[in-house]
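Accompanying notes for the structure given below.
As the structure is a computational prediction, the values presented were derived from the model and not from experiment.
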Amino acid sequence: GKAGVFTHPDGKCYQGQYYADMKHGHGACSWPDGKRYVGEWAEGRQHGLGEWTEGGVTQKGRWADGTFVNWEDDSQQPVVPVVEGRPVVDDN
């Protein structure tokens with residue numbers, strides 16, 4: 001496929017591969033609020049392995065047809081606070 005850059009009116013930007021005018025292959029999408037996805041795309045949607053960055057934290061995960069599936073390292077989710085070396089879990 002071909003490669004290109006597309007900036008949406010809302011400031012979202014995609015840079016990467018296209019096929020049949022859809023995001024397809026490897027590409028990066030960034031949002032004005034600082035969120036960023038870098039990884040695999042299929043038919044215009046996040047699909048496969050990718051890296052999600054939000055709030056300065058980057059995690060590797062899997063997507064299917066534009067929907068988040070799971071983090072590659074499940075120990076990263078859920079993020080729980082740690083006090084004195086032990087995770088704090090709220091049972092409520």
Side-chain angles (χ1 to χ4, degrees):
K2 60 185 179 180
V5 178
F6 182 77
T7 303
H8 295 260
D10 65 4
K12 183 169 69 172
C13 180
Y14 173 80
Q15 180 172 359
Q17 296 175 317
Y18 285 87
Y19 179 76
D21 287 329
M22 290 187 291
K23 303 173 192 123
H24 195 90
H26 189 271
C29 191
S30 57
W31 286 259
D33 61 5
K35 294 176 188 160
R36 182 171 168 86
Y37 171 85
V38 180
E40 298 171 345
W41 296 77
E43 299 178 351
R45 297 177 177 172
Q46 296 140 305
H47 187 80
L49 294 175
E51 290 188 349
W52 178 259
T53 302
E54 185 174 358
V57 176
T58 300
Q59 295 175 282
K60 292 182 180 181
R62 291 180 180 82
W63 281 258
D65 293 323
T67 302
F68 172 75
V69 177
N70 66 288
W71 296 122
E72 192 172 59
D73 177 2
D74 284 331
S75 69
Q76 292 180 333
Q77 186 188 30
V79 176
V80 294
V82 175
V83 176
E84 296 175 354
R86 293 192 305 270
V88 176
V89 179
D90 186 355
D91 292 326
N92 293 339

**Asked** Pick from Glu40, Glu43, Gln17: which one makes a side chain to side chain contact (heavy atoms under 4.5 Å, CB included) with His24?
**Response**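 Considering Glu40, Glu43, Gln17, a side chain to side chain contact (heavy atoms under 4.5 Å, CB included) with His24 is found only for Glu43.
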For a quick test of reading the model, state the closest non-hydrogen atom pair linking [X] to [Y] and the distance between them.
X     : Y     : value
Trp52 : Lys35 : CZ2-CD, 3.6 Å
Tyr18 : Lys23 : CD2-N, 3.9 Å
Arg45 : Asp65 : CD-O, 3.4 Å

**Item:** Stepwise side chain to side chain contact (heavy atoms under 4.5 Å, CB included) test for Val69 and His47
**Value:** CA-CA 10 Å; Val69 177; His47 187 80; over 6 Å; no
**Request:** Assess the pair Tyr37 and Trp63: is the distance between their ring centroids shorter than 6.0 Å?
**Result:**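 Yes, the ring centres sit under 6.0 Å apart.
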**Request:** Identify whether Trp31 and Phe6 are in the same connected component of the hydrophobic contact network (ILVMFWY, side-chain heavy atoms under 4.5 Å).
**Result:**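 Shared cluster, yes.
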**Message:** Is there a path of hydrophobic side-chain contacts, each under 4.5 Å between heavy atoms, that joins Trp41 and Met22?
**Reply:**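 Trp41 does not cluster with Met22.
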**Electrostatic pair Lys12-Asp10, nearest N-O below 4.0 angstrom** =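 No, this pair does not count.
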**Asked** How long is the gap from SG on Cys29 to CZ on Arg36, to the nearest 0.5 Å?
**Response**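 Result: 9.0 Å between the selected atoms.
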**Item:** Inter-residue atom distance Arg62.CZ - Phe68.CZ, 0.5 Å rounding
**Value:**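 If we round to the nearest 0.5 Å, Arg62:CZ and Phe68:CZ are 10.0 Å apart.
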